[in-house]
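Labels below follow one simple rule: chain letters A, B, ... track the order of the sequence lines, proteins then strands, and each chain is numbered from 1. Here the structure is a predicted model, which is why all the values come from computation and not from measurement.
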There are 2 protein chains.
Amino acid sequence: MTGREPEASERRSTRQRTAITAVMTEVVDFRSARQIHAVLRERGHEIGLATVYRNLHDMEQRGEVDVLRAGGGDTAVYRRCERHEHHHHLVCRRCGRAVEVEGPVIESWAARVARDEGFSEVTHAMELFGTCGACTRAERGRPRP
Amino acid sequence: MTGREPEASERRSTRQRTAITAVMTEVVDFRSARQIHAVLRERGHEIGLATVYRNLHDMEQRGEVDVLRAGGGDTAVYRRCERHEHHHHLVCRRCGRAVEVEGPVIESWAARVARDEGFSEVTHAMELFGTCGACTRAERGRPRP
DNA sequence: GTATACATGATAATGAGTATCGACATCGCA
DNA sequence: TGCGATGTCGATACTCATTATCATGTATAC
Ligand SMILES: [Zn+2]
Ligand SMILES: [Zn+2]
Ligand SMILES: [Zn+2]
Ligand SMILES: [Zn+2]
């Protein structure tokens, strides 16, 4: 959002943190804390769920992962993003595939609207949801749920 | 979003529904289900919390109220909006005051991005958060000329 | 008025996320 | 290498919003 973090203090390197980072590096779609926890277990890492939450929250703070809280459910989903600058996402509500999108138009529009209404320190949250090409094709010829 | 609801079936008119609708008509800011429930109690209406949730969810479905799920907490907040057409909100994160805003630019941008990425049936969620004029002034401790 | 499908509400259940706190691991330093 | 201060972990209890249950109440059609 507002990329001016005060260079968060260093963290100790632990077996758990390393494993979580590794998973986040490989997984490409947004995943919930519990899903990530499950992947870790499958790989033989016996890591507590609380630790997963702690680390994800931590990685979020320092901008290492993006978090999505909208999108229907109440569950937050995380993913490591290519661009660390402010950006938005276009997420397939079917398979979870996510594309990072930039929206200069959004930024300036938000700023202008805010100014016009007399608001200051304006931030915005926005995500796009849709059905990706692959899923659209897969859907064809099949009855709707 | 996607204004093609199949004309939701009629609902029975009950004392509870009437009371909830009345409250939603008067309250101007976004309020949580519990807050609305509290207001109902204050007014002498002994209505179950579950019923409040049910009705709000219902009113949301038929577009009678808008719901905000982003904005920090995990609690959903509701409010009856002037315009029933698709729109967004600029919410004061200090006092909760909300302004309805329209964003034709956003709509076209979203559509274009979606097409470019091969996505279909795209919707979007977006809200603006800031500090309203009144709160900004109060923060400074002195009003602005 | 009667029947019946729908609405309500007290309460239990669910489920995400957080707080606790004793045990454990890391890292700077001797 | 050994030590200790301090950061981190993890089992589990907890909070709290929202949902499911299901017996009871009631709006509506006939
Ligand atoms: Zn991203
Ligand atoms: Zn897809
Ligand atoms: Zn304000
Ligand atoms: Zn829009």
Side-chain angles (χ1 to χ4, degrees), chain A residues 7-24 30-62 64-79 96 125, chain B residues 6-24 29-62 64-79 96 125:
Chain A
E7 194 56 49
S9 63
E10 262 317 301
R11 286 287 137 117
R12 288 184 182 175
S13 141
T14 66
R15 168 176 67 83
Q16 293 87 342
R17 174 170 289 260
T18 303
I20 294 171
T21 302
V23 169
M24 291 311 289
F30 281 94
R31 297 285 182 238
S32 72
R34 294 189 127 83
Q35 288 177 313
I36 294 162
H37 181 243
V39 172
L40 286 164
R41 296 226 134 186
E42 283 171 18
R43 298 188 180 187
H45 297 286
E46 290 297 321
I47 297 181
L49 181 56
T51 300
V52 175
Y53 272 110
R54 252 193 305 255
N55 280 287
L56 286 175
H57 187 266
D58 211 77
M59 295 164 80
E60 176 195 350
Q61 299 265 276
R62 61 185 63 202
E64 291 173 16
V65 300
D66 278 11
V67 56
L68 234 67
R69 293 204 165 79
D74 46 3
T75 313
V77 287
Y78 304 81
R79 96 158 201 176
Chain B
E7 193 58 48
S9 62
E10 262 319 299
R11 286 285 136 118
R12 289 183 181 175
S13 141
T14 67
R15 167 178 67 83
Q16 293 88 340
R17 172 169 292 258
T18 303
I20 294 171
T21 302
V23 169
M24 293 309 290
D29 298 328
F30 282 94
R31 297 283 183 241
S32 70
R34 295 189 114 87
Q35 289 176 314
I36 294 161
H37 181 243
V39 172
L40 288 163
R41 296 225 135 187
E42 284 171 17
R43 300 190 179 185
H45 297 285
E46 290 297 320
I47 298 181
L49 181 56
T51 300
V52 174
Y53 272 109
R54 252 192 307 254
N55 279 288
L56 286 175
H57 187 266
D58 211 78
M59 294 164 81
E60 177 195 351
Q61 300 264 275
R62 61 184 63 202
E64 291 173 16
V65 300
D66 279 9
V67 56
L68 235 64
R69 294 206 165 78
D74 44 3
T75 313
V77 287
Y78 305 79
R79 96 160 201 178

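No contact: B:D58 has no heavy atom under 4.0 Å from any strand. Within the nucleic acid shown, A:A33 has no heavy atom closer than 4.0 Å to any nucleic acid atom.
When each of B:R15 and A:R17 is assigned the nucleotide of DNA chain D with its nearest heavy atom, A:R17 is the one assigned upstream, toward the 5' end.
Each of A:I36, A:V39, A:T75 was scored for a side-chain contact (heavy atoms from CB on, under 4.5 Å) with A:R31, with one residue passing: A:I36.
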Task: Working for side-chain contact (heavy atoms from CB on, under 4.5 Å), residues A:N55 and A:I20 - done: CA-CA 8 Å; A:N55 280 287; A:I20 294 171; 3.6 Å; yes
- [ ] For A:R69 and B:R69, run side-chain contact (heavy atoms from CB on, under 4.5 Å): C-alpha distance rounded to whole Å, both residues' side-chain angles, the deciding distance at 0.1 Å, then the answer.
- [x] CA-CA 8 Å; A:R69 293 204 165 79; B:R69 294 206 165 78; over 6 Å; no
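Atom pair B:H37:NE2 and C:dG9:P shows a separation of 8 Å (rounding to whole Å applied). Atom CD of A:Q35 and atom C1' of C:dA16 are 13 Å apart (whole Å). Rounded to a whole Å, the OH atom of B:Y53 is 15 Å from the C1' atom of C:dG9. At whole-Å resolution of the value, NE2 in B:H45 and P in C:dT8 are 14 Å apart.
Under a 4.0 Å N-O distance rule, the pair B:D58/B:R17 qualifies as a salt bridge. For B:E60 and B:R54, the salt-bridge test fails: no basic side-chain N is under 4.0 Å from an acidic carboxylate O.
Taking all atoms of both residues into account, the shortest heavy-atom contact from B:S13 to B:T18 is OG-OG1, 4.5 Å. When every heavy atom of B:D66 is checked against every heavy atom of B:F30, the shortest pair comes out as O-CE2, 3.8 Å. In terms of heavy-atom proximity, B:R79 sits nearest to B:M24 at CA-CE, 3.7 Å. Across every non-hydrogen atom of A:L49 and A:A33, the tightest pair is CD1-O, 4.3 Å.
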Short N/O separations, protein against nucleotides 10-15 of chain C, under 3.5 angstrom:
none

For nucleotides 27-30 of chain C, give me every protein contact, N/O to N/O, under 3.5 Å, one pair per line with atom names.
{"from": "C:dC27", "atom 1": "OP1", "to": "A:S13", "atom 2": "N", "distance (Å)": "3.4"}

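Nucleotides of DNA chain D lying under 4.0 Å from heavy atoms of chain B occupy a range whose first and last members, 5' to 3', are D:dA17 to D:dT28.
Put simply, CD on B:Q16 and CD on B:E46 are 11.0 Å apart, with the number rounded to the nearest 0.5 Å.
Put simply, B:Q16 has no side-chain N or O that comes within less than 4.0 Å of OP1 or OP2 on C:dA7.
For the pair B:H37 (side chain) and B:I47 (backbone), a donor-acceptor distance under 3.5 Å is present.
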